[in-house]
Structure formats: structure tokens, C-alpha cells
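Single-structure report; data block below.
We number each residue from 1, following the sequence as shown. Worth saying up front: this structure is predicted, and the values here are computed from it rather than measured. Quick note: numbers below take in every heavy atom, side chains included, and nothing from hydrogens, waters or symmetry partners.
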Amino acid sequence: MPKIPKRITGKLFVNLSSINIRGVYLNIYNDFNQSIIIENITGKYLLLSSEQYFTPMEERMIFINITNFTGFYELYSKGEENVTFHINVDGINFSSYTILSKNSNISLSVPNYQGGTVSVNITNTFPYCIIINNITGKYLYLEKNITIGSNATSTAVFYVSNFTGFYNLYNQSKEMVNISVEVDGIKISKEELLGKNFNISLPNTLGGIVNIKVYNPFNFTIMLYKAYGEYFQLESAYALKPGYSYLPFNVTNFYLLYNNIKDKAENITILVGIGNINITKTFPLCSSINLTYYESGEVSITVSNPLDTTLIIYNITGKYLYLLNKTEIKPFSYGILRIYVTNFTGIPNEKITLLANVYGENISESFEVSNSLSISINQVDVPVHNPFNETIIIYNITGKYLYLTKIYTIPPGCTQLLEIKIINESEVFNENITIKAQISQTNITYVMGL
């Protein structure tokens with residue numbers, strides 16, 4: 001930021017001296033207490049050929065080229081030749097507008113109490129390109145974002161709502177501004193004092209909080225529990241919606257982190273939760289985190305057994321996954337299934353098959369994976385009436401999606417509730433069931449549809 005005096009005072013007096021077919025002669029007196037540069041004077045048919053430098057209290061004549069004398073003179077005669085003076089006062093650029101006419105006696109002053117645009121050159125001394133998305137303060141904001149190459153300088157255009165207020169805060173180093181900077185997908189937001197020695201700095205050898213772009217390729221929300229590397233760590237767990245998100249990371253050394261990213265030497269370890277599936281994987285870190293890096297790997301899934309008998313899971317198979325080993329889960333407890341996934345991004349919406357054994361019966365269930373993998377077993381109580389004069393012993397009722405929990409004895413003429421476990425409610429009413437029972441020492445097997 002250029003040095004700004006405590007207060008800029010004075011005016012620029014402009015008198016029209018003469019006109020000829022080539023151009024216009026203006027007599028200009030610099031009444032400012034500072035040297036000024038008239039960088040350009042433009043109109044519809046006017047153009048200043050070179051910058052004009054004026055010391056304080058200097059007066060002299062300058063010449064402005066006319067590009068179309070007929071058009072210029074017509075506007076000039078009507079008092080409609082609008083002219084813009086582009087002035088630089090000690091590093092601050094501003095523009096003033098006036099009308100050049102027969103009776104011109106123009107007095108231009110720095111708009112101390114009004115707003116206007118200010119142009120400032122900003123140099124990027126870092127060895128990588130940066131994008132300044134915004135700089136806002138009490139009296140100013142950046143009109144549009146700017147891109148500055150490595151060790152390059154670009155012009156930032158600010159709108160200042162109150163020049164006097166801005167100058168006063170600036171000279172007292174009290175103009176606090178919010179700065180948003182992006183470095184190749186990494187966003188950094190910080191506050192700095194806009195003073196005489198102002199310079200946009202990034203967390204270099206020091207640490208800081210940066211926002212890193214993370215991409216969730218799934219069509220549902222997933223959990224990012226952990227993400228860390230040599231110089232950075234995710235602040236806390238976040239629920240990632242589909243698409244792109246910016247998440248805050250705590251960086252211990254920004255400069256070394258960025259150099260490692262450029263050299264492809266920085267790895268990231270991530271713990272992601274997809275429903276009740278937790279995935280841990282390590283892969284090279286780029287300027288953003290793309291979760292489509294998950295191609296294959298082993299995952300561990302916690303499965304509960306709500307039954308009073310051991311649940312044996314022989315296999316879980318699908319297009320992109322399979323169970324690594326048979327797992328037995330004791331009654332009313334939990335077990336860990338080790339599943340190998342060949343393509344994580346292909347898992348959602350695929351059909352998988354579960355093969356298990358419950359109460360000595362082999363069951364098979366097919367279902368679709370959405371954002372979670374779970375085994376759902378519900379219990380229903382079914383009233384069964386014995387119309388015979390003999391006691392009925394019901395040993396089992398089985399189907400593809402249901403089974404009896406224990407043996408029941410129903411006396412003659414009595415009704416008893418039978419506990420039946422249902423594995424898949426949506427399919428259970430479309431299947432046939434098998435009933436195994438005994439009446440008066442006679443074993444009966446009966447098949448019926450639900």
C-alpha cells in the first residue's frame with residue numbers, strides 16, 4: 001500500500017486556453033500540497049498522449065489530442081463533451097468527471113468526504129499464484145477479485161465510501177480489513193491492519209487455519225471423521241453433502257505443506273463414514289481432497305445380533321464387495337464383519353446378498369445398499385389356534401424371510417402367540433412358508449403362501 005499523507009488538501013484548477021483542429025490546450029494549476037500525476041484525460045473524442053507530472057503549486061499548459069474534430073466540436077458547442085481526469089496523488093488513483101465547454105473554468109478536488117474508486121498495486125512475493133477474492137474494511141471493499149502470479153504485481157481496485165474516514169484510519173493503522181485469499185484450491189481467510197506498511201501475507205513458516213476444498217462424489221451425505229497429514233489436521237468431524245465443500249484445517253507450516261503438495265510428496269490419511277461403514281485410506285494429497293480416490297480396500301462393519309441364538313454370517317456378496325471370512329455373532333451382542341470392497345464409488349445403489357444361519361436354518365437375503373449396510377430383523381407375534389382334540393407341537397415355521405424363534409406346544413382348543421422373526425418386511429408377503437408340526441405322534445410338513 002502506498003504512503004498516504006494525513007490529509008490531502010488542495011485543488012486542481014483547469015482552464016480552457018485554446019482549441020485547434022489537432023487538439024485542446026489546457027492551463028492547469030496544481031494547488032495540492034502533494035505532487036500529482038495526471039495519468040490520462042479522456043473524452044469521447046479526446047486522448048492525452050502521455051502522463052503529466054505536477055509538483056505542488058506548479059502551473060503549466062498541457063495539450064490533449066482530438067481524434068475527431070467535427071464530433072468533438074459539436075459536443076463542445078452543446079456543452080456535452082464529458083471529460084474524465086485520471087489522477088494519481090501520492091500513489092492513490094482516483095477519477096473526477098467534468099464537462100469541457102466554451103466557458104470551462106474547472107476546479108477538481110480530492111473527494112475527501114465522498115466515495116470513489118481507488119487503485120492500489122499489490123505485489124505477490126510468494127513462489128505460487130494467488131487469487132484475492134475480497135478485501136473489506138469499514139470504508140472500502142474490493143470491487144472484483146484479482147489473480148497475481150508468482151513474484152508479480154497486479155492492480156487492485158477498491159471502492160472507498162468515505163475518503164476522509166479511510167485516510168484517517170489508514171494513517172493511524174486502525175483500518176482493519178478482512179482478506180480472503182485462494183491458493184490453488186486452498187482458501188485462507190484472515191484479518192489484517194491496513195496501514196502504511198500493509199502487505200498481504202499468507203501463513204508461511206507459521207501455522208494457521210486454511211479452508212480446503214473437499215469433493216464428495218456420492219449422491220448422499222457422508223461423514224468425514226478425520227483427515228490429517230504431516231503438516232495439517234482436520235479441526236473436527238464434518239457431515240459432507242454431495243458435491244464440493246470447504247472445510248477448515250489446522251496447518252502447522254503452510255509453506256512446507258504447499259511445497260509438498262506441488263512435489264506430490266504429501267499424503268493424507270482420511271477416516272470416512274458411509275452410513276455405519278467406516279473407511280480408512282491413505283493417498284497423495286493434491287490442492288483439494290477428492291474422495292473418488294477411494295477405489296478398493298478393506299472395511300470393518302459392526303453388526304448387532306438381536307436374537308437369543310447365535311447368528312452365523314457365511315458371506316456377503318455383491319458386484320463390488322465380498323465378505324473376507326465367516327463370522328459368528330453371539331446372542332444379543334455385536335460382531336465385526338471384514339468386507340473387501342473393489343470399488344467404493346460403485347457401492348451405492350447396488351444389490352448385495354447376505355447368506356446366514358439362524359436357529360439351524362440357512363437364510364438368504366438380497367437388498368440394495370443405499371447410504372448404510374445393516375441387517376434388520378423384526379419380531380412379530382402371530383396368534384395360532386388349535387381346533388383339534390389333540391395337542392399340536394409346532395417345531396418350526398420357515399421361509400426365505402422369516403423363521404420361528406422356538407418350539408411351541410398348543411393344547412386342544414387353545415390359541416397361543418407364536419414369536420416369528422422377519423428379515424425383510426417388504427418381501428415376506430410374497431413368499432411361501434413351510435410349517436413343521438406334530439399331531440398325535442404324527443409329523444406334518446405343510447407348505448402355504450402368505
Side-chain angles (χ1 to χ4, degrees), residues 122 124-137 142 145-148 150 176-195 198-218 220-275 277-294 297 299-300 344:
I122 299 179
N124 172 23
T125 60
F126 294 94
Y128 33 79
C129 177
I130 67 172
I131 299 174
I132 302 176
N133 294 310
N134 205 359
I135 299 178
T136 57
L142 192 66
N145 60 17
I146 60 171
T147 301
I148 310 176
S150 173
M176 182 67 74
V177 293
N178 295 305
I179 303 172
S180 177
V181 182
E182 185 170 342
V183 184
D184 195 19
I186 300 176
K187 284 188 175 180
I188 303 165
S189 298
K190 57 185 305 189
E191 286 188 343
E192 285 197 13
L193 283 172
L194 185 65
F198 173 71
N199 184 27
I200 295 178
S201 61
L202 302 177
N204 205 3
T205 54
L206 300 177
I209 301 297
V210 301
N211 293 307
I212 296 181
K213 189 180 348 181
V214 181
Y215 179 65
N216 171 15
F218 301 104
F220 50 81
T221 299
I222 64 177
M223 287 298 299
L224 181 59
Y225 292 112
K226 294 180 181 179
Y228 57 89
E230 186 176 2
Y231 299 110
F232 65 95
Q233 183 173 342
L234 183 68
E235 281 203 305
S236 60
Y238 285 88
L240 285 178
K241 294 181 179 179
Y244 289 96
S245 303
Y246 280 94
L247 302 185
F249 282 72
N250 193 340
V251 175
T252 57
N253 190 313
F254 181 84
Y255 186 79
L256 292 179
L257 169 62
Y258 191 82
N259 283 342
N260 276 1
I261 292 174
K262 289 179 64 177
D263 297 337
K264 298 181 180 179
E266 183 72 24
N267 286 333
I268 178 172
T269 300
I270 291 181
L271 174 60
V272 174
I274 303 177
I277 304 175
N278 292 334
I279 305 166
T280 300
K281 196 167 182 67
T282 301
F283 55 87
L285 176 66
C286 297
S287 58
S288 60
I289 300 172
N290 190 335
L291 297 186
T292 55
Y293 275 102
Y294 290 123
V299 299
S300 298
F344 284 106

Practice item. Would you please name every residue forming a side chain to side chain contact (heavy atoms under 4.5 Å, CB included) with Gln233, sequence neighbours left out? Key: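 Counting only residues at least two positions away or on another chain, Gln233 forms a side chain to side chain contact (heavy atoms under 4.5 Å, CB included) with Tyr228.
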Exercise for review: Name all residues meeting the side chain to side chain contact (heavy atoms under 4.5 Å, CB included) criterion together with Pro248; count only those two or more places apart in sequence or in a different chain, and write none if there are none.
Suggested key: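 For Pro248, the residues satisfying side chain to side chain contact (heavy atoms under 4.5 Å, CB included) (neighbours in sequence not counted) are Ile209, Asn211, Glu235, Tyr238.
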Point to revise | Rounded distance [0.5 Å steps], OG1 in Thr147 versus CD1 in Ile131 | key: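 Rounded to the nearest 0.5 Å, the OG1-CD1 separation comes to 4.5 Å.
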Review point. Could you state the interatomic distance from CG (Leu234) to CD1 (Ile268), rounded to the nearest 0.5 Å?
Key: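 Separation between the atoms: 8.5 Å.
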Point to revise | Set of residues satisfying side chain to side chain donor-acceptor pair (under 3.5 Å) with respect to Thr269, sequence neighbours excluded | key: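 Residues passing side chain to side chain donor-acceptor pair (under 3.5 Å) with Thr269: Thr282.
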Heavy-atom check, side chain of [X] versus side chain of [Y], under 4.5 Å:
X	Y	answer
Leu240	Leu247	yes
Ile270	Leu224	yes
Pro242	Thr221	yes

Check your understanding: Side chain of Thr252, backbone of Tyr231: donor and acceptor closer than 3.5 Å?
Key ->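 Yes, because the side chain of Thr252 sits within donor-acceptor range (under 3.5 Å) of the backbone of Tyr231.
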Review point. What are the two closest heavy atoms between Phe232 and Val251, and how far apart are they?
Key: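 What the structure gives for the nearest pair is CB-CG2, 4.1 Å.
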Practice item. For residues Ile222 and Asn216, report the shortest heavy-atom separation together with the two atoms involved. Key: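 So the minimum-distance heavy-atom pair works out to CD1-OD1, 3.6 Å.
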